[in-house]
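Written out below as structure tokens is the structure these notes cover.
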Amino acid sequence: MLGAVATVSTLAYLALQIRQANKVARFSAATVRAERWMQLSAFLSQSPEVNRVFWKGLQTPDQLDETEYHYFEAIFSAVLSSYQGSFYLQREDALFVAEWESALKNISWMVAAPCFARFWANWKGSYPDDFVAFIDDLSGQSPDAASKG
């Protein structure tokens with residue numbers, strides 16, 4: 001009887017420790033995500049030219065010359081990579097639900113932007129297959145999404 005009580009107590013203690021460790025991991029992930037966004041925001045606001053290329057590329061990518069477009073692709077790739085990090089954190093249950101919902105809204109907005117199809121056609125192959133499938137589904141480019149439409 002005493003052994004059973006000790007076992008149950010140990011399991012309860014371990015469950016509590018796991019819950020606390022998960023909470024700490026989520027807070028750490030949220031902190032890292034916030035720091036990445038601050039760095040990205042600082043980069044985008046560092047000069048009027050960077051900001052101009054980014055927003056023009058999002059809204060009217062065909063109006064960028066070749067050099068500007070390549071610069072835009074690098075900026076856009078950095079933004080998408082940040083969301084890729086959130087995607088993997090969410091899959092590992094290391095991201096607060098509200099953080100993922102916010103990221104998902106932003107990713108959805110980005111894949112609907114006029115620049116996305118061209119960017120994705122050029123760079124899709126450089127991303128991991130599971131992230132590609134997620135983005136394809138979100139953007140309506142997956143075979144499943146095509147059959148739903």
Side-chain angles (χ1 to χ4, degrees), residues 10-149:
T10 300
L11 290 175
Y13 174 76
L14 288 174
L16 178 64
Q17 291 298 312
I18 290 169
R19 209 171 324 173
Q20 288 176 337
N22 285 340
K23 189 175 184 178
V24 167
R26 284 187 183 109
F27 277 114
S28 294
T31 301
V32 168
R33 187 171 180 270
E35 288 171 357
R36 282 186 192 155
W37 277 110
M38 287 181 354
Q39 291 170 349
L40 190 57
S41 293
F43 172 72
L44 291 174
S45 63
Q46 75 180 345
S47 78
E49 181 63 10
V50 170
N51 198 289
R52 181 193 70 77
V53 167
F54 178 68
W55 286 103
K56 188 174 183 180
L58 278 175
Q59 297 164 351
T60 54
D62 295 336
Q63 292 182 10
L64 296 173
D65 66 34
E66 185 176 349
T67 301
E68 290 174 323
Y69 186 76
H70 289 300
Y71 191 41
F72 166 75
E73 284 183 320
I75 298 167
F76 194 82
S77 179
V79 174
L80 190 59
S81 292
S82 179
Y83 289 124
Q84 180 183 353
S86 295
F87 169 76
Y88 286 112
L89 287 171
Q90 178 271 334
R91 283 189 42 188
E92 295 301 318
D93 200 29
L95 200 61
F96 289 113
V97 172
E99 287 281 320
W100 175 242
E101 288 172 353
S102 173
L104 188 56
K105 287 177 188 175
N106 287 313
I107 297 168
S108 298
W109 177 78
M110 284 184 61
V111 301
C115 66
F116 185 76
R118 180 177 170 190
F119 172 86
W120 199 233
N122 291 338
W123 294 102
K124 175 181 187 170
S126 65
Y127 290 90
D129 291 342
D130 54 350
F131 186 67
V132 167
F134 166 72
I135 294 295
D136 282 350
D137 189 52
L138 196 60
S139 65
Q141 295 182 26
S142 72
D144 291 341
S147 67
K148 291 177 191 173

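All figures in this text were calculated on a predicted structure; none of them were measured in a lab.
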Answer yes or no: are there more than 12 heavy-atom neighbours, outside [X] itself, under 6.0 Å from its atom [atom1]?
X	atom1	answer
Gln17	CD	yes
Gln20	CD	yes
Asp65	CG	yes

**Request:** Please identify each residue that fulfils salt bridge (Lys or Arg N to Asp or Glu O under 4.0 Å) with Lys56, with sequence neighbours left out.
**Result:** none
Can you give each donor-acceptor pair under 3.5 Å made by side-chain atoms of residues 99-108, sequence neighbours left out, with the distance rounded to 0.1 Å?
unit_1, atom_1, unit_2, atom_2, d
Glu99, OE1, Arg33, NH1, 2.8
Asn106, ND2, Ser102, O, 3.1
Ser108, OG, Leu104, O, 2.8

With rounding to the nearest 0.5 Å, note down the distance linking [atom1] in [X] to [atom2] in [Y].
X	Y	atom1	atom2	value
Gln59	Phe54	CD	CZ	9.5 Å
Asp62	Thr60	CG	OG1	8.0 Å
Glu66	His70	CD	NE2	4.0 Å

**Asked** What do the steps show when you test Gln84 against Ile135 for side-chain contact (heavy atoms from CB on, under 4.5 Å), and what is the final call?
**Response** CA-CA 10 Å; Gln84 180 183 353; Ile135 294 295; over 6 Å; no
**Message:** Does Arg91 form a side-chain contact (heavy atoms from CB on, under 4.5 Å) with Phe87? I'd like the steps, not just the answer.
**Reply:** CA-CA 6 Å; Arg91 283 189 42 188; Phe87 169 76; 3.4 Å; yes
**Message:** Applying ring-ring contact (aromatic ring centres under 6.0 Å, His included), can you list everything that pairs with Tyr71, at least two apart in sequence or on another chain?
**Reply:** none
Minimum heavy-atom distance [X]-[Y], with the two atoms named:
X	Y	result
Gln63	Glu68	O-OE1, 4.3 Å
Lys124	Asp136	NZ-OD2, 2.8 Å
Ile75	Val53	CD1-CG1, 4.4 Å
Pro114	Leu58	CD-O, 3.2 Å
Glu73	Phe119	O-CE1, 3.6 Å

**Prompt:** Cation-pi between Arg118 and Tyr69: NZ/CZ under 6.0 Å from ring centre and within 45° of the ring axis?
**Reply:** yes
**Request:** Please step through side-chain contact (heavy atoms from CB on, under 4.5 Å) for the pair Phe131 and Leu80, ending with a clear verdict.
**Result:** CA-CA 11 Å; Phe131 186 67; Leu80 190 59; 4.1 Å; yes
**Request:** Kindly determine whether Phe72 and Cys115 satisfy side-chain contact (heavy atoms from CB on, under 4.5 Å), including the steps that lead there.
**Result:** CA-CA 10 Å; Phe72 166 75; Cys115 66; 3.6 Å; yes
**Prompt:** Using 30° and 60° as the class limits, which term best fits the ring planes of Phe116 and Trp120: parallel, tilted or perpendicular?
**Reply:** parallel
**N/O donor-acceptor pair under 3.5 Å between Asn51 side chain and Leu44 backbone** = yes
